[in-house]
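Written out below as structure tokens is the structure these notes cover.
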Amino acid sequence: PWELRIEVNLTEITGSLQISGVAYADDKFFVTGISEAGEDKIYRLNDELDLIDSFDQPGEGGRAITDLGWDGEFWWGVRSDTLYQFSTDGEIQRAIHVDIERTRTVTWDPENQLIWLIGDDPYIHGLDVEGNEQRTHFIKGLDIRGLAYQPAQPEGFSILAYNYRISPPGAFRQTVHSINPLTGDI
């Protein structure tokens with residue numbers, strides 16, 4: 001595991017000025033970014049990494065979607081203070097207000113039927129599909145920029161959290177942490 005498998009210039013493929021997140025579902029890559037015209041988009045690419053098309057991110061204004069979570073049928077993403085569930089064509093299924101400051105990461109947990117979110121506070125929040133907070137775990141000291149769910153992790157550590165830190169000044173360090181969604185252990 002943890003071997004570089006592919007390296008791609010997504011800006012060249014999509015024309016996006018800023019790539020924020022990449023996820024894979026239904027034999028396609030879904031890439032969140034900002035178009036040359038400054039519009040928040042989700043780009044669809046095939047397995048060969050050819051651009052199929054793009055669609056507008058759900059919602060309007062505010063902070064764009066930076067991470068995507070797949071529940072097997074729909075995407076989940078947060079724009080500003082709203083959690084959206086939407087189809088692979090961008091059709092909104094559900095919009096839920098969330099009280100998590102600057103939410104930037106999301107993943108779907110099929111075992112617990114929870115959407116896990118991380119914002120600027122030092123917690124990971126587990127919400128049900130109605131937006132009710134079911135679990136909260138303290139994760140201070142990490143700067144999480146992406147979440148993923150991997151079911152076959154040892155001892156239930158099934159949430160993978162991408163962390164990056166500039167420490168010491170000028171040094172860029174990337175790590176992946178595993179989080180147990182039941183206990184919050186890292």
[Y] side chain reached by [X] side chain, heavy atoms, under 4.5 Å:
X: K28; Y: T88; result: no
X: P181; Y: F157; result: no
X: I139; Y: I144; result: yes
X: D67; Y: Y162; result: no

For the pair D81 and H97, evaluate side-chain contact (heavy atoms from CB on, under 4.5 Å) and give the outcome as yes or no after the intermediate values. CA-CA 6 Å; D81 61 357; H97 175 78; 3.1 Å; yes
Roughly how far apart are [X] [atom1] and [Y] [atom2], rounded to 0.5 Å?
X: W108; Y: W116; atom1: CH2; atom2: CH2; result: 11.5 Å
X: D109; Y: L147; atom1: CG; atom2: CG; result: 11.0 Å
X: I118; Y: I124; atom1: CD1; atom2: CD1; result: 4.0 Å
X: E39; Y: L17; atom1: CD; atom2: CG; result: 11.0 Å
X: Q18; Y: D40; atom1: CD; atom2: CG; result: 9.0 Å
X: K41; Y: S20; atom1: NZ; atom2: OG; result: 14.5 Å

Where the side chain of [X] meets the backbone of [Y], is there a donor-acceptor pair that is under 3.5 Å apart?
X: S80; Y: R63; value: yes
X: S35; Y: S16; value: no
X: Q113; Y: P110; value: yes
X: Q93; Y: E91; value: yes
X: Q134; Y: G126; value: no

Closest non-hydrogen atom pair between [X] and [Y], with its separation:
X: V8; Y: I13; value: CG1-CD1, 3.4 Å
X: T32; Y: T66; value: OG1-O, 3.7 Å
X: A23; Y: W75; value: CB-CH2, 3.4 Å
X: V22; Y: F29; value: CG1-CD2, 4.2 Å
X: E155; Y: N180; value: O-ND2, 3.2 Å
X: F55; Y: G90; value: CE1-CA, 3.3 Å

Test item: side-chain donor near acceptor, [X] and [Y], under 3.5 Å:
X: Y149; Y: E111; value: yes
X: S87; Y: D89; value: no
X: T175; Y: N163; value: yes

Flag yes if [X] and [Y] sit in one hydrophobic cluster, no otherwise; membership is Ile, Leu, Val, Met, Phe, Trp, Tyr, and two members link when side-chain heavy atoms are under 4.5 Å apart.
X: V106; Y: I159; result: no
X: F86; Y: I96; result: no
X: I6; Y: Y43; result: yes
X: L45; Y: I42; result: no
X: F74; Y: Y84; result: no

For a side-chain contact (heavy atoms from CB on, under 4.5 Å) check, start with the C-alpha distance between Y24 and D47, then their side-chain angles and the critical distance, and finish with the verdict. CA-CA 9 Å; Y24 188 82; D47 278 336; 2.4 Å; yes
Which of these, I100, V129, T103, L117, sits in a side chain to side chain contact (heavy atoms under 4.5 Å, CB included) with L83?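 Output: one option passes, namely L117.
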If the test is side chain to side chain contact (heavy atoms under 4.5 Å, CB included), which one of D53, V31, L51, D50 qualifies with R44?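 It is D53; the other options fail the test.
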Stepwise side-chain contact (heavy atoms from CB on, under 4.5 Å) test for W76 and R94: CA-CA 9 Å; W76 292 88; R94 188 180 304 222; 4.1 Å; yes
side-chain contact (heavy atoms from CB on, under 4.5 Å) evaluation trace for R135 with L182: CA-CA 8 Å; R135 293 197 179 116; L182 297 179; 3.4 Å; yes
For R79, is there an ion pair with E60 - N to carboxylate O distance below 4.0 angstrom?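 A salt bridge is absent here (no side-chain N lies under 4.0 Å from a carboxylate O).
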Evaluate salt bridge (charged side-chain N to carboxylate O under 4.0 Å, His left out) for R104 paired with D143, printing each intermediate quantity in order. CA-CA 11 Å; R104 62 180 170 264; D143 188 9; 3.3 Å; yes
